[in-house]
Amino acid sequence: RIKSNPEKVHPENNIDCPLGELNLVDIVDKKQKIYRKAIPKKGTINPLIVLSVIVDQANKNKVGSEIKINSILTDKNNAGKIFNLDVISLTEILYELQKMEYIKVNRTAGLDVIKLNKEMTFEEIVETYYTSLAE
């Protein structure tokens, strides 16, 4: 949407997509209408949104629950697939969540897991995200 002509953007036009605004879809060829998935730029996706997807897909929200980083990256409907993250982008987001004290990243001896520090549901995480927007 942003990369095409902004003056021609109308809500009724179904071709325009919010995925373009999030930089998840990029225009390869305007004339032939060829698009490609793009890895989002750093800071585009809020870490709390990624955490909500992780908790929802893992069906684990207990403190100390372990979730494999590879599962987060490659499982269907998990954060890596939904947001088209590569391992570097996902790792950056996970370390941001660790700074926020929601998770603990453990990458020793090939374990590559995260542990939840707080017991939160998908809905609670999304509510926290929207509350943070109002601040």
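Keep in mind that the numbers below use all heavy atoms, side chains included, and drop hydrogens, waters and symmetry copies.
Not a single side chain to side chain donor-acceptor pair (under 3.5 Å) links Ser71 to another residue, sequence neighbours left out. Evaluation of the side chain to side chain donor-acceptor pair (under 3.5 Å) rule for Thr131 yields no partner, not counting sequence neighbours. By the side-chain contact (heavy atoms from CB on, under 4.5 Å) test, Val126 is found to be paired with Ser52, Phe122, Tyr130, residues two or more places apart in sequence or in another chain being considered. Under the side-chain contact (heavy atoms from CB on, under 4.5 Å) criterion, Glu92 pairs with Lys42, Ile88, not counting sequence neighbours. In this structure, Glu101 has no side-chain contact (heavy atoms from CB on, under 4.5 Å) partners at least two apart in sequence or on a different chain. Residues passing the salt bridge (charged side-chain N to carboxylate O under 4.0 Å, His left out) test with Lys68, sequence neighbours excluded: none. For Asp75, there are no side chain to side chain donor-acceptor pair (under 3.5 Å) partners, not counting sequence neighbours. For Asn106, the side chain to side chain donor-acceptor pair (under 3.5 Å) criterion is met by Thr108, not counting sequence neighbours. Considering only residues two or more places apart in sequence or on other chains, Asp112 meets the salt bridge (charged side-chain N to carboxylate O under 4.0 Å, His left out) condition with Arg107. In this structure, the salt bridge (charged side-chain N to carboxylate O under 4.0 Å, His left out) partners of Glu66, at least two apart in sequence or on a different chain, are Lys115. Applying the side-chain contact (heavy atoms from CB on, under 4.5 Å) rule to Asn70 yields the partners Thr74; only residues at least two apart in sequence or on another chain are considered.
Side-chain atoms of Ile49 and Tyr129, non-hydrogen and from C-beta on, do get closer than 4.5 Å to each other. Using a 4.5 Å cut-off on side-chain heavy atoms (C-beta onward), Ile67 and Ile72 make contact. Ile125 places none of its side-chain heavy atoms less than 4.5 Å from the side chain of Asp56.
Residues Pro47 and Leu97 come closest through the heavy atom pair O-CD2, 3.5 Å. Leu73 approaches Leu85 most closely through the heavy-atom pair CD1-O, 3.4 Å. Here the closest heavy-atom approach between residue Met120 and residue Thr128 is recorded as CE-OG1, 3.5 Å.
A distance of 8.5 Å separates CD in Glu96 from CG in Asn46, rounded to the nearest 0.5 Å. Here the OG atom belonging to Ser132 is positioned 7.0 Å from the CE atom belonging to Met100, to the nearest 0.5 angstrom. The distance from atom CD1 of Ile45 to atom CZ of Phe83, rounded to the nearest 0.5 Å, is 5.0 Å. Here the CD1-OG distance, from Ile103 to Ser65, works out to 12.5 Å after rounding to the nearest 0.5 Å.
Counting only distance, with no hydrogens or angles, the side chain of Thr44 and the backbone of Pro40 share no donor-acceptor pair below 3.5 Å.
Within the structure, side-chain hydrogen bond (donor to acceptor under 3.5 Å, both in side chains) pairs that include any residue of residues 76-85 do not occur (at least two apart or interchain).
Linking Ile, Leu, Val, Met, Phe, Trp and Tyr residues whenever their side-chain heavy atoms come within less than 4.5 Å places Leu48 and Leu133 in a single cluster. In this structure, Val53 is not a member of the same hydrophobic cluster as Val113, with clusters built from ILVMFWY side-chain heavy atoms closer than 4.5 Å.
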